[in-house]
Amino acid sequence: MTAVASLAACTSSSGTSAANQQSSTLQDVIKRGTLNVASCLSFPPFGSMDENNKPQGFDVDVATAMAKALGVKVKIVDTTSANRIPNLQTKKVDAVVCNFTTTAERAKQVAFSDPYIVAGEVMLVKKSSGISTLKDLSGKTVAVTKGSTNGDAVKAGNPKAKIQEYDTSSAAVLAVKQGQADAMVEDSNFLNFQAKSDASLKVTEDSVVPLEYNGIGVPLGDATWLQWVNTWLREFNTSGQANAVYRKWFGVDRVFPLNPSY
């Protein structure tokens, strides 16, 4: 009886383990033949639409390389910052590659890969604004993107600043250009790109958040899928492919190292 019970327990454990592996997003993607990835297509050069109305950008290239490694096609699903987590929770997508800053609060709802890009959070302002530090934001309107952590960061640094949320980063940039906002706080990679394309704008040296580490978001509780993503990311980064993609879209080598140091 003991031997039979022991065998049954082993069989049950093995069967459960196999079932868990079978139900992983990794197997689902390979079987489906398509990797569904949410990217923000109003966030150039991370994501945008080209002249043929096809997705393009740094994050799009990362997602495409990920699909290639899996031997499947990629389907880019346009998303906003606020919808990144819901897209994963409802299984609309298999992963989020959209300037997704890793935080302990977000990690209660989704899982994050190791970092694939690092940035400071800085301010975009008009050159004539006179704004250069957080202290200068007292009584000023600061544009941030819904679903981002930037509004809280600004308030922590200067409670007298007025926060105005926008659905997309592009809308927030436009608000600064049109004078509806005095500053915008966002990823330094993104804002440096914006300032290069508009001579009336500048990026401040003062950081709202020194460094933020962005990861690929995946569904919570899927260890098999997360392990594959991290393993692929290590190969992608160490092979030089990641830096080549970064240079393609930003025109320079990576500014910050991917691994945090304390």
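What you see is a predicted model, and the numbers here were worked out from it, not measured in a lab. The residues of the chain are indexed from 1 along the displayed sequence.
In the hydrophobic clustering (ILVMFWY side chains linked at under 4.5 Å, chained through shared members), Leu174 stands by itself. Side-chain heavy-atom separations under 4.5 angstrom define the hydrophobic clusters, and Phe193 shares its cluster with no other residue.
Partners of Lys177 by salt bridge (Lys or Arg N to Asp or Glu O under 4.0 Å), not counting sequence neighbours, listed by chain and number: Asp198. Not counting sequence neighbours, the partners of Phe112 by the ring pair (Phe, Tyr, Trp, His ring centres under 6.0 Å) test are Phe100. For Glu105, the salt bridge (Lys or Arg N to Asp or Glu O under 4.0 Å) partners two or more places apart in sequence, or in a different chain, are Lys108. Applying the side chain to side chain contact (heavy atoms under 4.5 Å, CB included) rule to Asn243 yields the partners Arg247, Asp253, Arg254; only residues at least two apart in sequence or on another chain are considered. Checked against side chain to side chain contact (heavy atoms under 4.5 Å, CB included), Asn83 has the following partners two or more places apart in sequence or in another chain: Thr79, Thr80, Pro86, Asn87. Judged as a side chain to side chain contact (heavy atoms under 4.5 Å, CB included), and not counting sequence neighbours, the contacts of Tyr166 are Ala143, Gln164, Ala171, Ala172, Ala175, Gln180. For Phe236, the ring pair (Phe, Tyr, Trp, His ring centres under 6.0 Å) partners at least two apart in sequence or on another chain are Trp232. Asp182 meets the side chain to side chain contact (heavy atoms under 4.5 Å, CB included) test with Ile131, Lys140, Thr141; sequence neighbours excluded.
Side-chain contact check for Trp225 versus Asp28: every heavy-atom pair is 4.5 Å or farther apart. Within the 4.5 Å cutoff, side-chain heavy atoms of Val118 are placed close to those of Leu258. Here the side chains of Phe250 and Asn192 are not in contact, with every heavy-atom distance at 4.5 Å or above. Using a 4.5 Å heavy-atom threshold, the side chains of Asn99 and Phe190 count as separate. Side-chain atoms of Met184 and Val142, non-hydrogen and from C-beta on, never get closer than 4.5 Å to each other. Inter-residue side-chain proximity for Asp187 and Glu121 is flagged as met; some heavy-atom pair is nearer than 4.5 Å. Counting heavy atoms from C-beta outward, Leu70 and Leu26 have side chains that approach closer than 4.5 Å. Taking the side chain as every heavy atom from C-beta outward, Thr25 and Val218 never approach each other to under 4.5 Å.
Annotation for Gly151 and Val144: closest pair N-CG1, 3.8 Å, computed over non-hydrogen atoms. In terms of heavy-atom proximity, Gln109 sits nearest to Leu220 at O-CB, 3.7 Å. The two atoms that bring Leu134 and Gly157 nearest to each other are CD1-CA, 4.0 Å, heavy atoms only.
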Could you tabulate the donor-acceptor pairs under 3.5 Å formed by side-chain atoms of residues 33-43, not counting sequence neighbours?
residue: Ser39; atom: OG; partner: Val97; partner atom: O; Å: 2.9

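Interatomic distance, CG of Leu233 versus OG1 of Thr238, reported as 10.0 Å (0.5 Å rounding).
Between the side chains of Thr145 and Asn150, no donor-acceptor pair is found at a separation under 3.5 Å.
Sorted by first and then second residue, the side chain to side chain donor-acceptor pair (under 3.5 Å) pairs with a member in residues 54-76 read Ser48-Gln56, Asp59-Tyr116, Asp61-Lys248, Asp61-Trp249; sequence neighbours excluded.
A side-chain contact (heavy atoms from CB on, under 4.5 Å) with Ser113 holds for exactly one of Asn230, Thr231, Asn214; it is Asn230.
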